[in-house]
Asks: 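Input: one structure, supplied below.
Every number for a ligand or one of its atoms is a count from 1 in the order of the listing.
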Amino acid sequence: MWQVWLHEDEAMTCLGFESTAHTIGVGVFDNECLANEKEMYTTIGGIHPREASQFMTSRAHGVVRTALEKSGKAISDIDCVAFAQGPGLGPCLRVGAGLARTIAHYYDKPLIGVNHCIAHIDVGKWACDLEDPLVVYVSGANTQVLGLKDEKYRVYGETLDIGLGNALDAFGRELGMEFPAGPKVEKLAREGKEFIELPYSVKGMDLVFSGILTAAKKLAGSVDDRDLCYSFQEHLFGMLVEVTERALAHTKKKEVLLVGGVAQNARLVEMMRGMAKVHEASFSVPPKEYNADNGFMIALSGQLMHDAGRDEAGDINQFWRSDDVRVTW
Ligand code: ATP
Ligand code: FE2
């Protein structure tokens, strides 16, 4: 299906750089995924922006080289260069932007600044072969329920404070887990049996996670970790599914797409799938390699923008919202 919106005869090679938060990723798109290489920064505490950017700088050369080798392309074969222009952490964004700009200028190629959130959506649509899904984008820093209408993704509901993944990470830190804690919380939650009541806070169509995070952190150590992880997840995911269900009923879309790092959580997938089924909508989640931050999704969006005549790049924008982007591809 995606070949309908990306005509084969226009196929070219796009090199994409991801560096918004913790992952330095380099991907190559040429009508398919030719390479998707990455290195991820992990830490005991939260992400320290300067340290994360230093990590990226130290790994960038190797990641670019491996990506090109795996793709079978030489740098001179590349037709356009894309980078994640935002949102994200300033020092990290500058790593990918600087690399992409240097390569584009040196080899005289078009440079394209991609919105990281839209890239998560584009790659999800591409991987799952969808046309017009209701998108649940849930990652570390972002939690949004969106749908495309008149060339813009409209946000039907979103977090009013922190992202759902960040809530999991901050909670996990309290239990001594290193970043990213999401997968570790998921593992413990599977063994939880006792449901502990926590604050459940849906405000209209929006979500608030700081209250439940504080409550869960306060309980840490006084109850079984497994029960607490289980209950924390059930509340968070229940809140998100409730908002998504209402957006689905409102938009009457026929496809639900779950993207972003937290979409790797099997329990969230199970809950979303069940809800979509009740509304006779299809449910899709892309494979892990495309769902966590990666360079390929930036290359794909860059190529789509290029084909739509949108060779645009500006300064990095740490707060670039998904509903600010005109989507004409
Ligand atoms: P964005 O800039 O889009 O917010 P990000 O920087 O948060 O992206 P992603 O790779 O999209 O990066 O998501 C990372 C988040 O996903 C982390 O918070 C991590 O804990 C969470 N995560 C990863 N795997 C799981 C899982 N199995 N269950 C729950 N959360 C997970
Ligand atoms: Fe992301």
Asks: Considering Ala263, Pro183, Gly163 one by one, which has a heavy atom nearer to atom 26 (C) of ligand 1 than any of the others?
Replies: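 Looking at heavy atoms only, Pro183 sits closest to atom 26 (C) of ligand 1.
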Asks: Number the atoms of ligand 1 from 1 as they appear, then name those within less than 4.0 Å of a heavy atom of His120, with their elements.
Replies: 3 (O), 11 (O)
Asks: Between Ala21, Ala189, Pro180, Ala292, which one has a non-hydrogen atom sitting closest to atom 19 (C) of ligand 1?
Replies: Pro180
Asks: Are Phe17 and Phe83 close enough that their ring centres sit under 6.0 Å apart?
Replies: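 Not close enough - the centres of the two rings lie 6.0 Å or further apart.
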Asks: Suppose the criterion is salt bridge (charged side-chain N to carboxylate O under 4.0 Å, His left out): which pairs have a residue in residues 59-70, not counting sequence neighbours?
Replies: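 Those involving residues 59-70 are Glu37-Lys70, Glu39-Arg59.
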Asks: Has ligand 1 got any nitrogen or oxygen that is less than 3.5 angstrom from a nitrogen or oxygen of Leu168?
Replies: no
Asks: Check which hydrophobic residues are tied to Leu160 through side-chain heavy-atom contacts below 4.5 Å, counting indirect links as well, and list them.
Replies: Val208
Asks: Output yes when Lys253 and Asp132 qualify as a salt bridge under the 4.0 Å nitrogen-oxygen rule, no when they do not.
Replies: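 Yes, Lys253 and Asp132 are salt-bridged.
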Asks: Below 6.0 angstrom between ring centroids: does that apply to Phe29 and His306?
Replies: no
Asks: Purely on distance, is any nitrogen or oxygen of Ala141 under 3.5 Å from one on ligand 1?
Replies: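 Yes, at least one N or O pair falls under 3.5 Å.
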Asks: In the protein, which heavy atom is nearest to atom 27 (N) of ligand 1, and how far is it?
Replies: Glu186 OE1, 2.8 Å
Asks: Would you confirm whether the ring centroid of His120 sits within less than 6.0 angstrom of the ring centroid of Tyr137?
Replies: yes
Asks: Would Asp30 and Thr13 count as having a side-chain donor-acceptor pair, cut-off 3.5 Å?
Replies: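 Looking only at side-chain atoms, Thr13 and Asp30 do form a donor-acceptor pair, the distance falling under 3.5 Å.
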Asks: Checking a contact table here: which protein heavy atom is nearest atom 10 (O) of ligand 1, and how many Å away?
Replies: Asp293 N, 3.1 Å
Asks: Does the N or O separation between Gly182 and ligand 1 drop below 3.5 Å for any pair?
Replies: yes
Asks: Are Tyr153 and Gln144 linked by a side-chain donor-acceptor pair shorter than 3.5 Å?
Replies: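 On atom types as modelled, these side chains do not qualify, holding no pair under 3.5 Å.
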Asks: Only counting residues at least two apart or in another chain, list the ones meeting side chain to side chain contact (heavy atoms under 4.5 Å, CB included) with Arg273.
Replies: Val269, Phe283
Asks: Are Lys218 and Glu174 close enough for a salt bridge, meaning some N to O gap below 4.0 Å?
Replies: no
Asks: Nearest 0.5 Å please: distance from the CD1 atom of Ile316 over to the CZ atom of Arg94.
Replies: 4.0 Å
Asks: Quick one: name the protein N/O/S atoms under 2.8 Å from the Fe ion (ligand 2), chain by chain.
Replies: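 Near the Fe ion (ligand 2), the protein supplies His116 NE2, His120 NE2, Asp293 OD1.
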Asks: Heavy-atom distances under 4.0 Å are what count here, so tell me which part of Tyr137 touches ligand 1: side chain, backbone, both or neither.
Replies: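 Side chain only.
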Asks: Give a yes-or-no answer on whether the side chains of His116 and Asn142 include a donor-acceptor pair shorter than 3.5 Å.
Replies: no
Asks: Residue-level breakdown please: for Asp169 versus ligand 1, do any non-hydrogen atoms fall below 4.0 Å on the side chain, on the backbone, on both, or on neither?
Replies: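 Asp169 to ligand 1: side-chain contact only, backbone stays beyond 4.0 Å.
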Asks: With heavy atoms of Gly165 as the reference, note each atom of ligand 1 found under 4.0 Å away.
Replies: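 Here the atoms of ligand 1 in question are 18 (O).
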Asks: Suppose we measure from atom 22 (N) of ligand 1 to each protein heavy atom; which comes out shortest, and what is that distance?
Replies: Gly261 O, 3.6 Å
Asks: Ignoring hydrogens and geometry beyond distance, is a side-chain donor-acceptor pair present between Gln303 and Asp79 at under 3.5 Å?
Replies: no
Asks: Students should be able to answer this: which protein heavy-atom is nearest to atom 4 (O) of ligand 1, and at what distance?
Replies: Ser139 OG, 2.5 Å
Asks: Note the single closest protein heavy atom to atom 28 (N) of ligand 1, along with its residue, its atom name and the distance in Å.
Replies: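 Checked against all protein heavy atoms, atom 28 (N) of ligand 1 sits closest to Asn265 ND2, 3.1 Å.
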Asks: Name the closest protein heavy atom to atom 21 (C) of ligand 1, giving the residue it belongs to and the distance to 0.1 Å.
Replies: Val262 CG2, 3.8 Å
Asks: Is any NZ, NE, NH1 or NH2 atom of the basic residue among Arg226 and Glu194 found under 4.0 Å from an Asp or Glu carboxylate oxygen of the other?
Replies: no
Asks: In the protein, what heavy atom is nearest to atom 2 (O) of ligand 1, and what distance, to one decimal place, separates them?
Replies: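 Result: His116 NE2, 3.3 Å.
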Asks: Are any of the N or O atoms of Gly140 closer than 3.5 Å to those of ligand 1?
Replies: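 Yes, there is a polar N/O contact under 3.5 Å.
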